[in-house]
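As structure tokens, the structure follows; a few thoughts come after it.
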Amino acid sequence: MPARHPARAPDPGRAGIGLRTPHFEALAARRPALSFLEVHSENYFADGGPALAWLERFRADYAVSLHGVGLSLGSADPLDRRHLARLARLAARIEPALVSEHLCWSSVGGTHLGELLPLPYTQEALDHVCARVAEVQECLGRRILVENVAAYVRFASSTIPEGEFVAEVARRTGCGVLLDLNNAWVNAANHGTDARDLLRAIDPASVGEIHLAGHEVTPDGLVDTHGAPVSPEVWTLFAEAVGRLGPVPTLVEWDTDIPALDVLLAEAGRADAILARAQGPGRAVA
Amino acid sequence: MSGAEALARLQAEFAAALVAEGDSGFASRLAGERALALRRLAIYRRAVEANRGGALRSAYPVVARLVGEAFFGEAARRFARDCPPDDADLNRYGPGFPAFLAAYPHASELPWLGDVARLEWAWHEALMAADSPGLDFGALARVGEAGQPRVRFRFHAAVRLVRSAWPVLAIWEANQPGRDGTPDREEGADDVLVWREDERVRAALLAPPEADFVARLMEGASLGEAAEDGWDFSAALGRLAAGGMLAGFSAGTPVPS
């Protein structure tokens, strides 16, 4: 199929933002310089209509990342072919620079929980999720990125550290890693582990994108709400990560209590400054 | 038990724990201190409920405003218990909510609530329906007057006709942002045509003969069959055409004389 949109790749030296409905008008009017725009794939699964038309217009000016929340890669349920077909249709229409999914599960027996639930980190779960990632990549005809999720519970049956599990999925399937640093921080804080273990376990060459977001501190632990500014600890982790990885396309996610566009752009600007330092003359060449 | 079976069982137990009324015993499958693990499970439980309720709230904002937060939340919980999402795309969750509300005993004092919900779902579907290139007016003109009664139309995928015994459009309009909730009509019955034009969903009240005509056309009747007793359909047809509601037509085959 001939390309319908100009070829665009994210600028690894800049941050992108999540494209959210309240910002459509302001973003279209101002067209700020951004590495890319990321959307939740499912929000554009409609057969037609205004949301898709908006996304097509933005795609003319920006690289787009399709970030899925519903494919349920880790479910024991059969892979949801209907959902995958919708994703493939959207990808054919939008020609995204990046396609990502979560390393999690969200359906049981065809019933959908609408939540990114953690996997037990076992050999069996690893074999299962790798087969599914391979199936999805085969169907879409492209490499996908898989994201480490926030997990409020850990399973007694888990035998593999999370970082090794994520790294092994990438190694076996050739998929990339979407490194979510807020999730890494939330998990470390909730389970008394070190977020840097996750960073160290993952092959730098496999990281295709970084996510930054805010969380909420509750009496029961940190909750990954995407409804607050990026925390100081996550900014520190980000600076360390780009020091190790070099510049990587980075997204500032904000999904609940969505602020004015300028607030989001300021967060992206802060990420830009850190990415710029990673590209600067001080960076060690490996 | 194979690895795949073990994973399936763990996930089924986890999902059951998220909707169970009491302690499901699932904490024994989790690492760490039991009381904390239970509180952490509750984070997921609340999130699942919030995601489902949120999906319904975004499809049914007028119903949510009419009944208030607590009532809506409870109705959403009960609906989700009976009809949990069967599609991973939560934007498609809740086509059965109008029927649920119509039969919901706690809403018996609001007999029109289910119909308002039907109007909202029609609106929601219209927003997501396929685009359409529009009618070939030149080809239609070439059918000529004699062939016109045999013409059958294909409608734009966004077009819906919601027929109610209640003033649902007045109630719906009164509960849009910026309105105080007081309908400017107390009387129905409302036949509401919903369609999408210039990327916006629109709704209009139809008089009963026009609604009958549109309903028959949507069911696949020809113009001749739809316009009973020689009713002059030109204005009604003009409205459908002007709104881009007609996507195509077939001229049928002439009856051999």
Side-chain angles (χ1 to χ4, degrees), chain A residues 41-54 68-72 74-77 80 82-83 86 105-120 122-129 151-158 190-192 218-221 223-225 256, chain B residues 2-16 18-19 26-32 36-52 54-55 83-93 125-132 156-158 196 198-201:
Chain A
S41 312
E42 286 77 5
N43 288 342
Y44 299 87
F45 274 8
D47 298 321
L52 263 174
W54 273 107
V69 296
L71 193 54
S72 199
S75 271
D77 275 0
D80 186 342
R82 178 179 61 181
H83 201 80
R86 289 177 189 153
W105 62 281
S106 52
S107 78
V108 166
T111 289
H112 296 269
L113 294 153
E115 189 62 19
L116 308 172
L117 299 167
L119 281 166
T122 61
Q123 281 300 331
E124 293 76 20
L126 181 62
D127 292 343
H128 179 67
V129 83
Y152 309 123
V153 297
R154 285 177 305 155
F155 298 100
S157 56
S158 286
N190 283 342
H191 305 305
T218 79
D220 300 330
V223 180
D224 175 38
T225 53
T256 57
Chain B
S2 75
E5 283 166 0
L7 183 65
R9 197 163 142 190
L10 180 77
Q11 292 179 347
E13 288 176 17
F14 197 143
L18 296 184
V19 293
F26 189 70
S28 66
R29 302 278 240 143
L30 301 174
L36 181 61
L38 283 173
R39 294 209 307 277
R40 294 279 179 74
L41 264 185
I43 297 176
Y44 285 119
R45 179 196 283 263
R46 288 191 296 270
V48 168
E49 190 177 301
N51 292 339
R52 291 171 172 182
C83 307
D86 60 2
D87 194 309
D89 177 6
L90 279 181
N91 295 309
R92 295 172 202 255
Y93 179 49
E125 282 193 315
L127 204 53
M128 301 190 295
D131 300 306
S132 167
H156 187 295
R196 194 173 77 217
D198 303 328
E199 291 189 23
R200 301 180 81 97
V201 177

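The chains referred to below are lettered A, B, ... by the order of the sequence lines, with proteins before strands, and numbering in each begins at 1. If you're wondering where the values come from, they're calculated on a predicted model, not measured in any experiment.
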Segment of [X] engaging chain A (4.5 angstrom heavy-atom cut-off):
| X | value |
| --- | --- |
| B/N91 | side chain |
| B/R200 | neither |
| B/A129 | backbone |
| B/L127 | both |
| B/R45 | neither |
| B/I43 | side chain |
| B/R196 | side chain |
| B/D87 | both |

Picking from B/R92, B/R52, B/E49, which has the most non-hydrogen pairs under 4.5 angstrom with chain A?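 Max contact count across the listed options: B/R92.
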Among B/S132, B/A126, B/A47, which has the most heavy-atom pairs under 4.5 Å with chain A?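 Ranked by heavy-atom pairs under 4.5 Å with chain A, first place is B/A47.
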Just so I understand: if I count every heavy-atom pair under 4.5 Å between each of [options] and chain B, which residue has the most?
| options | value |
| --- | --- |
| A/R82, A/R86, A/H128 | A/R86 |
| A/L71, A/T122, A/N190, A/T218 | A/N190 |
| A/G221, A/A156, A/A46, A/S157 | A/A156 |

State, with a plain yes or no, whether a side-chain heavy atom of [X] is found less than 4.5 Å away from one of [Y].
| X | Y | answer |
| --- | --- | --- |
| A/W105 | A/V129 | no |
| B/L10 | B/R29 | yes |
| A/R154 | B/R40 | no |

Check against side chain to side chain contact (heavy atoms under 4.5 Å, CB included), A/L52 and B/M128: CA-CA 9 Å; A/L52 263 174; B/M128 301 190 295; over 6 Å; no
Checking A/H83 now: which residues fulfil ring pair (Phe, Tyr, Trp, His ring centres under 6.0 Å) with it, not counting sequence neighbours?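 If we apply the ring pair (Phe, Tyr, Trp, His ring centres under 6.0 Å) test to A/H83, skipping adjacent residues, the hits are A/F45.
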Atom CG in B/D89, atom CG in A/N43: separation rounded to 0.5 Å?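 So the gap between those two atoms works out to 7.5 Å.
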Pairwise distance CZ(B/R46) to CG(B/L18) - rounded to 0.5 angstrom: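 So the gap between those two atoms works out to 11.5 Å.
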Hey, is the main chain of A/W54 close enough, under 3.5 Å, to the side chain of B/E199 for a donor-acceptor pair?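 No; judged by distance alone, with no hydrogens or angles, the pair does not exist.
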For A/V223, is it the side chain, the backbone, both or neither that has a heavy atom under 4.5 Å from a heavy atom of chain B?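 A/V223 touches chain B through side-chain heavy atoms alone.
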Under 4.5 Å from any heavy atom of chain B, what part of A/D220 do you find: side chain, backbone, both or neither?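 When you check distances to chain B, atoms from both the backbone and side chain of A/D220 fall under 4.5 Å.
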Sequence neighbours excluded and cut-off under 3.5 Å, please list the side-chain donor-acceptor pairs for residues 107-118 of chain A, or say none.
residue	atom	partner	partner atom	Å
A/S107	OG	A/S75	OG	3.3
A/S107	OG	A/D77	OD2	3.0
A/E115	OE1	B/N51	ND2	2.7

How are the rings of B/Y44 and A/Y152 set to each other: parallel, tilted or perpendicular (split at 30° and 60°)?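 Plane angle between 30° and 60°, so tilted.
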